[in-house]
Engineer: 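Can you read through this structure? Questions will come right after.
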There are 2 protein chains.
Amino acid sequence: MKKVTINSVAQYAGVSKKTVSRVLNNEPNVSPATREKVLKVFKELDYRPNPIARGLARNKSFIIGCLYDNPSKSYITRVQSGALEACHKHNYNLLIHPCELRGEALIDNIDQLLTTSRLDGLVLTPPFSDSRELIDFLKQKNINYALVASAIQDDESISICSNDEQGAYELTEHLIALGHTDIAFIKGHPDHSATENRFNGYKRALEQHQIPLQERLVAEGNFSYHSGADSAKAILDMTPRPSAVFASNDYMAAAVLKLATQRQLRVPEDLSIAGFDNAPIARHIWPGLTTIAQPVEEMTRLAVEQLIMQISEPQEQVYQRVLEARLITRESTAKNH
Amino acid sequence: MKKVTINSVAQYAGVSKKTVSRVLNNEPNVSPATREKVLKVFKELDYRPNPIARGLARNKSFIIGCLYDNPSKSYITRVQSGALEACHKHNYNLLIHPCELRGEALIDNIDQLLTTSRLDGLVLTPPFSDSRELIDFLKQKNINYALVASAIQDDESISICSNDEQGAYELTEHLIALGHTDIAFIKGHPDHSATENRFNGYKRALEQHQIPLQERLVAEGNFSYHSGADSAKAILDMTPRPSAVFASNDYMAAAVLKLATQRQLRVPEDLSIAGFDNAPIARHIWPGLTTIAQPVEEMTRLAVEQLIMQISEPQEQVYQRVLEARLITRESTAKNH
DNA sequence: CAACATTATGACACCGGTGTCAGATGGAGG
DNA sequence: CCTCCATCTGACACCGGTGTCATAATGTTG
């Protein structure tokens, strides 16, 4: 069981190791006969190039880093899953790096990460994808990166997002169509651009239907279940109580549902509740939550694929795209009587 | 902004690069004065050794792989979090590798992973940690590994688990103490050793209290929410209906709760429900689920730490440990009337 | 103080690939 | 048949560290 290196392949095939390397990397200027011969030896010896040696010679690691700071486990795993798919397709690996946006020394932390791990690129997920400071740092350091679900679309950044504003608009419109006019809204974390986008969609729908925005119905949250619980308390204590609540994500919506149920309110008869994200919890509870599904895996997959392309052959034109979100209606919303 | 390599450090400090290497690795046989001098240059030049070059020279990657195939996102993120903590502490990185135990070619898949990524070790989480086939393969290939939540304790394997049997025993006893005797049980996935352990705990508690085990009350699940929903239907259709349901994890318990609520059963007045794992959903729903909390992060952290120790200095005595699980009571269980 | 053991240091090859460049080979054109 | 150019191919240095071993410097002993 000896190690198969490029040297043994070269010797066995009767060519120089440089020629083997050429075949390996699909470089031109290898005669078809030689290429064939070497490829055959690859199979015979079951040769697999050592990525570490390759990395050293090319100053590459074939590793993409994924930054996140998100309370939603399901969001994180969806992001990972999309990123992994793209990585594996191109023989890259994924390094996960949870860290805090508001941490004392984010830039230092990332700098450390980059120099110790020699990452070839970074995928930034919210809220990092909206951090100007971080992005400027990466630009200055000449590190390739891709933004997921970011509001930034600046011609220099690969950026894939979904249409939060439109999603929130449709969901609000759905509630309005059910006869609701007093619709409370729970905002997300202020560091995420999704927070503002979703709120804007809500406002636009109200405006469109000539329903005045009531500031009193807008609560501050931060996407965590806990913050949803706090907002839920404030909202359910209001008089008059709104007939519907639109929370900026499903966890906060679940918190509203929990409190409402505790207080013997019937959902959706007495109170309609809607969320955002289509997290697993949205269908694990009763009644199931009406929500907006986003293509998180798809977004991340595209972002990482573009990132890898950018790494292998830097391009002038950078890829940007907005994917569609879609409304999913479940039992938690119903006609206002 | 030139690159700082071991050569530049050596030159700047006026020593050979081998000496720099010695200081870097805390090797003996360097005079205190020289060591001091080199360390000072490290700081001055902000030198960070290139892990790739190091890896090539030592035939190491400083990367640990983490295998999982688990429907629970929260479990996965907890595992990752524990593993990352241990990795970062020792300057390792974590590569995540979701794959299917029942996949057509698991061994090939892992073989591929190992040769292309040159991992220094693997952490196996359930159900991989119970796969004899995989473990034998790793032994034969001389790959270091650590088992998380495995039933295997064979003196050659690092193995950290928590006491599932005891946890299930305590939870069942809790239900018995509340006056329940007809306690349905939903099993987990047959590939996980936890499934049998939890079932054994349930049986032991019944036996201890002279309650005969009723086969009709035992349903097959597989830890997924969906399987829980199927079992829930079977259980709630039974006549007479049991007064309590103990599901082998919280997702399945949540499915029981959802169906019970849909059917207008009051929980816990008409039906007590308990789960296992203390997943986030257990406290995100109403009523909150009585469950068993396991130290998942702690298990994984310990496993990875031991794994890294094993890698750096192979030891005769291998580390094994059983951590305690603990009962968490919430609103979903109450006295049987 | 000679003889030897111990500690400190550096020269050099090596890990397994890739980049550069010079030289070999072969076909087209005059 | 010779020149010229395009296509192949390999020798060799190099990426940034580590291992081996010889040698220099220092310490210990009789």
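Quick caveat, the model's predicted, so the values are computed rather than measured. Within every chain, numbering begins at 1; the chains are lettered A, B, ... in the order of the sequence lines, protein sequences first and strands thereafter.
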Engineer: Output yes when a side-chain donor or acceptor of B/T125 lies under 3.5 Å from a complementary backbone atom of B/L67, and no otherwise.
Structural biologist: yes
Engineer: Kindly write out the residues that satisfy side chain to side chain donor-acceptor pair (under 3.5 Å) with B/S193, not counting sequence neighbours, or none if the list is empty.
Structural biologist: B/D130
Engineer: Return each pair, listed once, that meets ring pair (Phe, Tyr, Trp, His ring centres under 6.0 Å) where at least one residue sits in residues 106-146 of chain B; pairs must be two or more places apart or across chains.
Structural biologist: none
Engineer: Which residue pairs satisfy the ring pair (Phe, Tyr, Trp, His ring centres under 6.0 Å) criterion with at least one member in residues 23-60 of chain B, sequence neighbours excluded?
Structural biologist: B/F42-B/Y47
Engineer: Applying side chain to side chain donor-acceptor pair (under 3.5 Å), can you list everything that pairs with B/T19, at least two apart in sequence or on another chain?
Structural biologist: B/S16
Engineer: In residues 54-63 of chain B, which residues come under 4.0 Å of DNA chain C by heavy atom?
Structural biologist: B/L56, B/A57
Engineer: Does CD belonging to A/Q153 count more than 12 external heavy atoms closer than 6.0 Å?
Structural biologist: yes
Engineer: Under 3.5 Å, which donor-acceptor pairs do the side chains of residues 302-314 of chain A form with other protein atoms, sequence neighbours left out?
Structural biologist:
| residue | atom | partner | partner atom | Å |
| --- | --- | --- | --- | --- |
| A/E305 | OE2 | A/K89 | NZ | 3.0 |
| A/S312 | OG | A/I308 | O | 2.9 |
| A/S312 | OG | A/M309 | O | 3.2 |

Engineer: At what angle, to 10 degrees, do the two end axes of the helix from C/dC1-D/dG30 to C/dG30-D/dC1 meet, given five pairs define each axis?
Structural biologist: 40°
Engineer: Which heavy-atom pair separates B/A53 from A/L56 by the least distance, and what is that distance?
Structural biologist: CB-CD1, 3.7 Å
Engineer: Going by heavy atoms closer than 4.0 Å, what residues in residues 16-40 of chain B are next to DNA chain C?
Structural biologist: B/S16, B/K18, B/T19, B/R22, B/N29, B/V30, B/S31, B/T34
Engineer: Mind listing the closest non-hydrogen atom pair of B/R48 and A/Q112 along with its distance?
Structural biologist: NH1-CA, 3.6 Å
Engineer: Using the test side chain to side chain donor-acceptor pair (under 3.5 Å), find all partners of A/E44 that sit at least two apart in sequence or belong to another chain.
Structural biologist: A/Y12
Engineer: Mind checking side-chain contact (heavy atoms from CB on, under 4.5 Å) for A/E27 and listing every partner two or more places apart, or none if nothing turns up?
Structural biologist: A/K18, A/R22, A/N25
Engineer: Applying ring pair (Phe, Tyr, Trp, His ring centres under 6.0 Å), which residue pairs with at least one partner in residues 81-116 of chain A are found, sequence neighbours left out?
Structural biologist: A/F62-A/Y92, A/H88-B/H97, A/H97-B/H88
Engineer: Taking 5' to 3' order, which nucleotide of DNA chain C is first and which is last to have an atom within less than 4.0 Å of a heavy atom in chain B?
Structural biologist: C/dT7 to C/dG16
